[in-house]
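Below is one structure, written out as structure tokens; comments come after it.
Within every chain, numbering begins at 1; the chains are lettered A, B, ... in the order of the sequence lines, protein sequences first and strands thereafter. The figures here come from the full heavy-atom set of this structure, side chains too, leaving out hydrogens, waters and symmetry mates.
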Amino acid sequence: MTQNKAQKNVKTRLPGGYQLPPFGIQQSLAATIVCVALWMLGMFWLGLQATEQWIGSWQDDIRFHVYLEHEQKDQLKPLMAKLKEVPGVDSIRLVQQEETEAWLSKWLGDSGLTTKEMAEVLPSVIEVLPERNIHEFLFTDIKDEAALLGASVNEEESYFATAQSLFDDMRLFLWIMSALIALAMMVIISNTLRMIILARADEIHLMRLLGAQEWFVRMPFLLEGALIGLLSGTLAWFMDWCVLQLMATWLSELQLDMNSWYLLPVMAGGGVLIGFTGAVIATSDVKQETASIL
Amino acid sequence: MTQNKAQKNVKTRLPGGYQLPPFGIQQSLAATIVCVALWMLGMFWLGLQATEQWIGSWQDDIRFHVYLEHEQKDQLKPLMAKLKEVPGVDSIRLVQQEETEAWLSKWLGDSGLTTKEMAEVLPSVIEVLPERNIHEFLFTDIKDEAALLGASVNEEESYFATAQSLFDDMRLFLWIMSALIALAMMVIISNTLRMIILARADEIHLMRLLGAQEWFVRMPFLLEGALIGLLSGTLAWFMDWCVLQLMATWLSELQLDMNSWYLLPVMAGGGVLIGFTGAVIATSDVKQETASIL
Amino acid sequence: MISMQKLMLRYPTGKTALAGVDLKVEQGGFVYLIGESGAGKSSVLRTLYGDIAPSYGELHVQGMDMRTITTANLRQLRQRIGIIFQDHKLIFSRTVFENVALPLRVQGRDLNRLLPRVKKVLEFVGLSEHLWSYPEALSGGEQQRVAIARAMSSNPPLILADEPTGNLDVVTARHILDLLQALNKHGTTVIIATHDIHLLQSHAGKIVQLHQGAVVDTKAS
Amino acid sequence: MISMQKLMLRYPTGKTALAGVDLKVEQGGFVYLIGESGAGKSSVLRTLYGDIAPSYGELHVQGMDMRTITTANLRQLRQRIGIIFQDHKLIFSRTVFENVALPLRVQGRDLNRLLPRVKKVLEFVGLSEHLWSYPEALSGGEQQRVAIARAMSSNPPLILADEPTGNLDVVTARHILDLLQALNKHGTTVIIATHDIHLLQSHAGKIVQLHQGAVVDTKAS
Ligand SMILES: Nc1ncnc2c1ncn2[C@@H]1O[C@H](COP(=O)(O)OP(=O)(O)OP(=O)(O)O)[C@@H](O)[C@H]1O
Ligand SMILES: Nc1ncnc2c1ncn2[C@@H]1O[C@H](COP(=O)(O)OP(=O)(O)OP(=O)(O)O)[C@@H](O)[C@H]1O
Ligand SMILES: [Mg+2]
Ligand SMILES: [Mg+2]
């Protein structure tokens, strides 16, 4: 072999002269699992972002309707006053007779039949506008208030109310899931490194017998853990980004403007953090293993 | 040590006198991953079963409504004849005037207003009963047929039609997913065994040098793969079963009677199959490794 | 029993370890392979049990042509050879008993006979009290003797010993050589690669001297 | 430099490997440890570099009490000891260069000096052409010489050699002993565990004979 190759062999090292362990089957497996998990996690967060935007887009349209029967028209004023005071209600509005007619006519399949006579006996309709953040019990509050004065509500509109609180639950759930997945990934990386350390136990023992410093023995594993995390995180983000590109037209149809860039540092950094922590956990065993020999 | 212990040490072996490799960290990790994957797969299949039962429970209630306006009453007979011929339609029925009235009255919030005069100008309503297996285009077919004769359909009922076909799609999707997950699990088990084989390469080489038969060298790994699969599958089924027990009251409220027992042989057997196949893949490398040495 | 003609061996690295070795060993022979470090002693032995295929030349072991031998035949051949490896090749995750019993297990011998047989060969090499130890808990010389016991456990008609006394003191080494010669008296062919020329003086045999991959001298001691 | 008093060593298995060893080695001494297989030679050496802690007795190495030594001091001590292990302990996944350079890397030596230094020690042991080989591609004796080269690479003031010539032919073994004696002339303390009593005749030194974990004889050859 030439002197050139010799020199190259000597120089391409980590600081401290340590060689990074070969990136073998075990590492690839761990990286793949972590990558897929982070990818799915990223998709969930992007999904949340999309849902948020989508809810935002129809949230302004959320109305509750309270019906007061024709015979109880005198209760209209007090009812409106009461509804206005329900916490979480932004404003209320009395729906015009013509509007009701148009609506009914539309519902009857545009049959063009004269609904005028009919509308005269229709109930009064009050439209209730909720505040932006709809709390869980708003619908029940309105319903109770209406019932007190003999009015009824459109039961089907209760779904609007629960959607918002469901969304908040989802966000919390996603945070918990993220933490759990991060933990699981940490365990996987840590286990992988533990296997590698086990396979190289002789080498580690030898280095200790030669008087190696702790960082000399552990550094390569810490670096490797961080590297696995970094690779997985970056690749996972890239996969998320690809999925977004694939759905681009569909998203723009829904008028959703997804921002995936903020996820890159989060996922890459998170990957590094997870991998490094996993490596720290794995290498903390190393000390215990040899402590008994000393 | 006593003769007793000695005898025990000699006897507790696999046929052929081979010792099963120790069930270490690598095997546990693989088993856990496979177990969780099979568990989730089992949950999906149980979910499908539940959905199937649930759909079955309201499928008999699926009706489509076609409205023909008052002025076009003369078209009623031909329309009914045409609708009857649409493929996938079981039977049709002309809704009685009183029924329509009752329905409208109910919809208007039981306001008790006299709808009689109103109903006289209402459209004729034809109720279309679909066959048990609703095909994807049934609703569009009915709609087209109705439109030809100036009638309209209740657009909101199109969801009923898509639900069934969605359900079929779901089943197909689940089959594909099952196959994919089985494949992934196979890869994981195979990789795990490959690692173990790598770590025990010296031992394998020694056994070959002593003239060991192929099955003597490979059997323990095949058994181990099958064992990992069996354990994972059984445990996964048990976890599914536990989940079902936890949801028991909720399920009985929905009048769903879930049968999880049929999954036990499927999951345990599937696990064994996956593990064994993975092991076969992993050990097939063993031959190639030493073939060059011969 | 063994005949080599113009045997050449070139390792994948390009190193020519054997450069035309001619060697004949009769059934029941007792042969020493000597030569400096790197002379090719281990390489000769490795070709005999088919661990490496010769690049050129003729090689017959127990009547089988090693260039054309089938896998099944090679397996059978190996089961009839007891090998003491230069690096011992003990399995550290198994007890001494398991290590020594491995050839018997590989050959599918009666499981009830394992323990008596293993005990007997361990007694030969003076390790009977280490039956259930793990190799790690043994001294270097004791490990070497476990490797020797393993080679003898299945009573093979041919024993290939690569530096069997490298880690043994003179007294133990003599004892091992006595043992091998006793086996040889009962018909076992023995080939020993060694650098311990003092052994040759006390234990007679045919001496084949290798130098840089070629036989340079053959004599009887 | 080294003083042992009533040193006892009991392995976790219950085996008493050393039963009260008294030994004194001066700076610049050249000591042979001899004794039958299992006498406790390796065990004595292992206590010297702190691989195992003695169960009882006094042990001072290079002025440090091995019973109370801190981890940091032990590290420093080990960096000043060159060890030739009985089982070589080569890293098979790294080249000969990396193996021999490992002590230098561990000690954080100037990376530019590694190659010349490694080349030089490999020349000493006659392996200069195997610089970029992997240990697997070396013969048993060559592997042993790589282990010897590694022990010398950082020029330590104390060399502990456990059977350094077990796999070497007489000529090479003599050469290695010459080398160790030359280092000894320049002040290096050398302790050699060996069973090769013929070496003692050609290369003078203090001889400590162990038997069943105790010193039975001390003389100069
Ligand atoms: N790790 C260990 N655990 C338990 N017992 C051990 C261990 N290492 C050695 N022994 C026992 O301690 C005794 C002394 O061992 P040691 O290795 O010191 O012998 P030695 O003089 O080096 O022998 P050899 O010349 O064969 O290498 C032996 O009987 C051996 O079985
Ligand atoms: N696997 C291998 N790949 C490449 N070269 C090898 C391999 N094994 C041995 N060699 C080389 O072949 C030559 C002969 O090696 P061999 O092991 O036969 O020597 P030996 O006579 O047994 O020496 P020793 O007494 O040191 O064990 C040596 O120069 C060695 O470097
Ligand atoms: Mg050799
Ligand atoms: Mg020893």
Side-chain angles (χ1 to χ4, degrees), chain A residues 1-27 193 195-224 283-294, chain D residues 12 45-46 49-53 66-67 69-83 85 87-99 101-119 129-133 147 150-151 153-154 156 160:
Chain A
M1 289 188 203
T2 64
Q3 182 68 18
N4 244 356
K5 176 153 185 204
Q7 289 296 352
K8 216 188 69 199
N9 280 333
V10 181
K11 287 289 176 56
T12 52
R13 300 283 156 181
L14 298 177
Y18 201 95
Q19 206 178 0
L20 205 69
F23 207 77
I25 199 171
Q26 317 192 6
Q27 288 93 324
L193 288 176
M195 286 176 211
I196 300 167
I197 288 172
L198 225 70
R200 291 157 55 105
D202 287 348
E203 203 174 324
I204 291 175
H205 184 58
L206 173 67
M207 288 195 289
R208 284 174 192 281
L209 288 181
L210 296 180
Q213 304 284 334
E214 275 308 301
W215 65 261
F216 186 85
V217 174
R218 294 187 188 194
M219 174 100 99
F221 298 105
L222 297 182
L223 284 179
E224 178 153 8
T283 52
S284 69
D285 289 359
V286 178
K287 186 152 212 168
Q288 289 162 9
E289 254 174 61
T290 48
S292 66
I293 292 167
L294 272 178
Chain D
L45 295 182
R46 288 178 73 191
Y49 56 82
D51 191 18
I52 36 178
M66 295 301 283
R67 293 174 315 168
I69 194 166
T70 63
T71 313
N73 278 342
L74 183 64
R75 239 173 242 145
Q76 272 196 341
L77 177 66
R78 283 176 173 174
Q79 294 194 359
R80 279 182 286 137
I81 304 180
I83 315 170
F85 301 95
D87 56 355
H88 309 168
K89 289 200 198 299
L90 297 183
I91 305 177
F92 275 72
S93 57
R94 312 243 195 122
T95 59
V96 167
F97 168 78
E98 279 303 324
N99 270 282
L102 191 59
L104 303 171
R105 291 197 187 279
V106 161
Q107 290 166 34
R109 301 284 183 89
D110 181 0
L111 291 182
N112 292 317
R113 296 266 191 86
L114 291 192
L115 195 61
R117 178 72 197 151
V118 170
K119 273 186 170 162
E129 80 268 34
H130 288 295
L131 189 61
W132 304 115
S133 305
R150 185 179 58 193
S153 67
S154 67
L160 304 177

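- How far CG of Leu74(D) is from CZ of Arg208(A): 11.0 Å, rounded to the nearest 0.5 Å.
- With a threshold of 4.5 angstrom between heavy atoms, Arg109(D) does not approach chain A through any atom at all.
- Contact check for Leu206(A) versus Arg150(D): side-chain heavy atoms found under the 4.5 Å cut-off.
- Between Gln79(D) and Leu210(A) the shortest heavy-atom distance is CG-O, 3.7 Å.
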Checklist entry - Given Leu209(A) and Lys89(D), is the side-chain contact (heavy atoms from CB on, under 4.5 Å) satisfied, shown in steps? => result CA-CA 11 Å; Leu209(A) 288 181; Lys89(D) 289 200 198 299; 4.1 Å; yes
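- Using a 4.5 Å heavy-atom cutoff, the side chains of Ser93(D) and Glu203(A) are in contact.
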